[in-house]
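Chain letters run A, B, ... following the sequence lines, proteins first, then strands; residues in each count from 1. Keep in mind the model is a prediction, meaning the values are calculated, not measured. Any value given below was found using the heavy atoms of this structure, including those in side chains, with hydrogens, waters and symmetry copies removed.
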Protein chains: 4
Amino acid sequence: MSKKVKKIGLMTSGGDSPGMNAAIRAVVRTCAYYHVECVGYYRGFQGMIAGDSIPLNARSVRNIVNQGGTILQSARSKDFLTEEGRKKAAENLRNEGVDAMVLIGGDGTFRGGQVFSKEHKIPVIGVPGTIDNDIFGTHYTIGYDTALNTVVEAIDKIRDTASSHNRLFFVEVMGRDAGFIALNSGIGAGAEEILIPEEDLGMDRLLDSLERSRRAGKTSSIVVVSEGDKIGKNVFELADYVKENLPYYDARVTVLGHIQRGGRPSCFDRVLASRLSVKAVELLLDGKKNLMVGMMNNEIESCSLDQALKGKHNINKDLLRISEILST
Amino acid sequence: MSKKVKKIGLMTSGGDSPGMNAAIRAVVRTCAYYHVECVGYYRGFQGMIAGDSIPLNARSVRNIVNQGGTILQSARSKDFLTEEGRKKAAENLRNEGVDAMVLIGGDGTFRGGQVFSKEHKIPVIGVPGTIDNDIFGTHYTIGYDTALNTVVEAIDKIRDTASSHNRLFFVEVMGRDAGFIALNSGIGAGAEEILIPEEDLGMDRLLDSLERSRRAGKTSSIVVVSEGDKIGKNVFELADYVKENLPYYDARVTVLGHIQRGGRPSCFDRVLASRLSVKAVELLLDGKKNLMVGMMNNEIESCSLDQALKGKHNINKDLLRISEILST
Amino acid sequence: MSKKVKKIGLMTSGGDSPGMNAAIRAVVRTCAYYHVECVGYYRGFQGMIAGDSIPLNARSVRNIVNQGGTILQSARSKDFLTEEGRKKAAENLRNEGVDAMVLIGGDGTFRGGQVFSKEHKIPVIGVPGTIDNDIFGTHYTIGYDTALNTVVEAIDKIRDTASSHNRLFFVEVMGRDAGFIALNSGIGAGAEEILIPEEDLGMDRLLDSLERSRRAGKTSSIVVVSEGDKIGKNVFELADYVKENLPYYDARVTVLGHIQRGGRPSCFDRVLASRLSVKAVELLLDGKKNLMVGMMNNEIESCSLDQALKGKHNINKDLLRISEILST
Amino acid sequence: MSKKVKKIGLMTSGGDSPGMNAAIRAVVRTCAYYHVECVGYYRGFQGMIAGDSIPLNARSVRNIVNQGGTILQSARSKDFLTEEGRKKAAENLRNEGVDAMVLIGGDGTFRGGQVFSKEHKIPVIGVPGTIDNDIFGTHYTIGYDTALNTVVEAIDKIRDTASSHNRLFFVEVMGRDAGFIALNSGIGAGAEEILIPEEDLGMDRLLDSLERSRRAGKTSSIVVVSEGDKIGKNVFELADYVKENLPYYDARVTVLGHIQRGGRPSCFDRVLASRLSVKAVELLLDGKKNLMVGMMNNEIESCSLDQALKGKHNINKDLLRISEILST
């Protein structure tokens, strides 16, 4: 049986995502609700190693539910990959009286947390926060929905100019290993083609499809390309190849970049972050450890960090079919 | 066995919702993809009775995926409640060679469609489009997610001024019979209290809670009130009662009103509308009838219109608990 | 000759407006740039009377340039209308070593500041911050441009639903004494009619115009109504009157309310707030007093508080003509 | 004396900008108001040469006031640089009975229009529509204000992630020859440095400034770079140089690209476009020709196309000083 948790630590790690502040707020307020102390560590594992922390009470997190980024800041930590780094972090937690940690982040965060927890017997619960949605054990990660809205709004703007000039636009979106953002934003924005890492359709199919679009009377086209797409070496080469082969197209490239990580979280992400984080604290108070909370089928569930790390969250390939039908 | 469907009719009915145009586009493009004719009726059942229709092809629906409202317009029809009205509609459909209908709307739309289909042997499929999310058989209706974002953006703005002036704001949101919008937007906007039709907490509890907030050091507060809330007769009376009993509060009322129905659909609503509508057409082509398509657990499913109309989509009452914890 | 200013006080007063935080930031950073101390008073004159202040340095105002509301909060103060209240404020300022004040607000703020300055020989400079734009001596007040964007976005949403349902919408916007918001947002939103305090067109003309719109083939209409409009007693009565006389219209009312005060400031308002506030501090450092800074013809100018208070900023009546032409 | 104008042609040319549709609507409605026929040419000079036109009446332009892009599309035309091309265009206009043209666009558009008008005695009026704001004879061009808002919203998002990760971001914005967008959006977004074509501050000053920012306690920084900036060959080289010399900075680059051209126009741009376009038509009806309309000191004025083309619209260099003060 675990001893009773009296003080919970909290950090955000990895790439920041919209809704992380809503998650921080929910962790802090849930601690306050259950009369448990709460302390935040800055810059993820880095702050745990450096002992860079701040006590947080219910009033510390006012007016942040709607802010992008993370007030606790985030970082990737090389030191935490070493036994020595993790030992230092554990000492700092013990010195502050922290009994358990809530870790908000992605795969790398959970991997670090798992090793740390096993070595130092400090219970951790992971909360999935990343715009990439590539975490097993949850249908949605915090920030993903907001990123989709940011991307479709950007493509809506690009569509204005594409339509006005009869142009072909290649729009690169985030997603090095997974096509979630590309696939869903591509359907949402009415893209003519969507290129994702999970499917290498080949250059020829792309040319065919663009050629077909033109014959069908489309005078402008949007191709959404995931960072990790396999067809071209990168989006600029892709555009060059198309320009060479379909010279009647005035092709342009836009790389959306870091605007996808920021911005006010959508209502969906705020509610998701809130529900996951309340659950994370309640699990710790209930003596649970080394779990990740997730939303499966609209319910808040949990799975072991082990499962979360070993499993793979696959895209719904039926969406590729939907995209093809809709670009008729 | 049903005869093969060659021409599909399409309409939007009831209160409009963001994403209806994405649904229209998806119905039309899916018809084009399967080489089936498609015709749109204006103003819902009214247009079917009046024979007010327009042939739609893949190019007719360009650049509407991101537009609010419905290009086919919407209306509530008294005439369709009469046998004679429905008979006239059926004649018009037969004259145009329309074999089956896709009906985009809410409860009232499906009820009309069900009667019509039984009387005149014309297969119909319902697509749930309403901001209220109060339809059984789908976790999400088209437009609900966008409405939530519209509401939290509005409350974010009100929060700016509430915080600057130490005020208490009562914000009335849509939802005559169901608290979905109030509950989720309230959590998303960090409201201190949420009043919904499903729960009559009583005036005393509200006063207690506001009193407690103030003592906890909160200098401004937001109370989100569903139209159909049972505590006060209406939001203005509610505010007056609070002002009388808690005179230190400078209480104000904002009724968000019709801005909640409009606006560019969120990515979520566009993808949802697209997936549901592709499925609706495919079901008709597959000989199915009198079903409603819905998204259950992230998958597109269908149930009978009968089930959809008899069932009740309940709010997740756990969210009330979450809200209470977060307003600590 | 005035003695050298070494410490500048700062407050925001009256209704808050988007861009006030950008103004606060600019005052504080300009003080830092010129190595002058800066202190902020909370809740306008109230905080001056209560001695409720906070020292502000360049880092205190990070990341607020894009926030709505005012971090110094705002209030209307009855106590400051009394000699005693103002005396108390002057004592507090002297005790803190504050030599001069920057007052961000509207008419009421400047009136209070003028009396205060005369009584207590403390130089003040006014910075016009109000969404109403009704200040003489500046073409634009801080927050007005943002409010216009908020209003047109809201009306764009209402237009979606108006077009979908063939409805007539009356949209009430802020502006008790001046029609700036109604007139400009009405043109921006493509309103069919605009009713402002400066012009009582009479009910008959409104009915005529709506009747004409309908005959011209317009199936939906938006009427933007300034709070201070003189035709009806209020917007609800106005709508009722139109419904009685033009029964074919399905008329609805939306009161936009406090969302108009909040929200992230537009680029225009941020730049305006920055330029005005830099100038305000530089004027004080230059020994000037009892002036209001303003933007006239794209240049930052100043006039006496006296002029600002006695003058009247008139709407450009040519815009009424433009509106009539455009609603053809 | 010019003969009476009975039919006005209209086109949009050059890079599209938000508000062009509001301008189109205003031209068309003003023609309708004065009972003059109106015809739109597609794709600028290209459509005039090809005789690709559409008659436009008051109802043709409904619901476009809030749409980005241009319903008449835009293009750059090489053929119009030839005498033959222009002759063909003039013949088409005469065949359609078009007496005069309104040209919405930038420098290139006006240059073409001026030559055309002289050769073929067809009066033209230019309406300045470009996001770059680099037109002499108007303080604001249509689309500029919207582009500024798009840029500051994007940088606000980047700021979220920059602050969360202690990063340095280089954000490239449009403006090959003029720093209007960079300078104003940079101040609006609170950028630490702004690099524009008009000022080559030199690499050393940039390094000094960033170094100073860091010592002043700033943990993240935004540098806004105009496309046409002269310091580095391009923004990527600039970032590389900084990384080499200030290795403690985690520097990133974002090129905002074409999202700056699209999007719903701000209220400012809609009103500006409306006022300029009403004036353009009224000048033609008044027998005027070869003028450009502009907004100078909040009033609608006009100057000769010659002046507009020969003059230079300079940035307000005082804004560089403001920027330096505010990044203290």
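- Interface residues of residues 69-76 of chain A toward chain D, defined by a heavy-atom distance below 4.5 Å and sorted by number: A:G69, A:T70, A:Q73, A:S74, A:A75, A:R76.
- A donor-acceptor pair under 3.5 Å is absent between the side-chain atoms of D:E227 and the main chain of D:M174, judged by distance alone.
- When all heavy atoms of A:V127 and A:S277 are compared, the closest pair comes out as CG1-OG, 4.2 Å.
- Heavy atoms closer than 4.5 Å to chain A are found in the side chain of D:F169, but not in its backbone.
- Interface with chain A: from residues 150-164 of chain D, residues D:T150, D:A154, D:K157, D:I158, D:D160, D:T161, D:S163, D:S164 qualify, criterion being any non-hydrogen pair under 4.5 Å.
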Apply side-chain hydrogen bond (donor to acceptor under 3.5 Å, both in side chains) to the pair A:S266 and A:N149, showing each step before the final yes or no. CA-CA 8 Å; A:S266 67; A:N149 284 330; 4.7 Å; no
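- Counting only distance, with no hydrogens or angles, the side chain of D:T141 and the backbone of D:T130 share a donor-acceptor pair below 3.5 Å.
- Listed for the A:D269 side chain is a donor-acceptor partner under 3.5 Å among the backbone atoms of A:T146.
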Going through the distances and angles, do A:Q46 and A:S77 end up as a side-chain hydrogen bond (donor to acceptor under 3.5 Å, both in side chains)? CA-CA 6 Å; A:Q46 279 301 96; A:S77 169; 2.6 Å; yes
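- Using modelled atom types and a 3.5 Å distance limit, the side chains of D:N184 and D:Y144 yield a donor-acceptor pair.
- The candidate with the highest count of non-hydrogen atom pairs below 4.5 Å against chain D, out of A:H165, A:Q67, A:Q260, A:R261, is A:H165.
- Between the D:D52 side chain and the D:Y42 main chain, no donor and acceptor come within less than 3.5 Å of each other.
- Taking the ring centre of D:Y249 as origin, the terminal cationic atom of D:R167 falls outside the region bounded by 6.0 Å and 45° from the ring axis.
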Please lay out, stage by stage, how A:N166 and A:S220 fare under the test side-chain hydrogen bond (donor to acceptor under 3.5 Å, both in side chains). CA-CA 5 Å; A:N166 294 342; A:S220 66; 5.9 Å; no
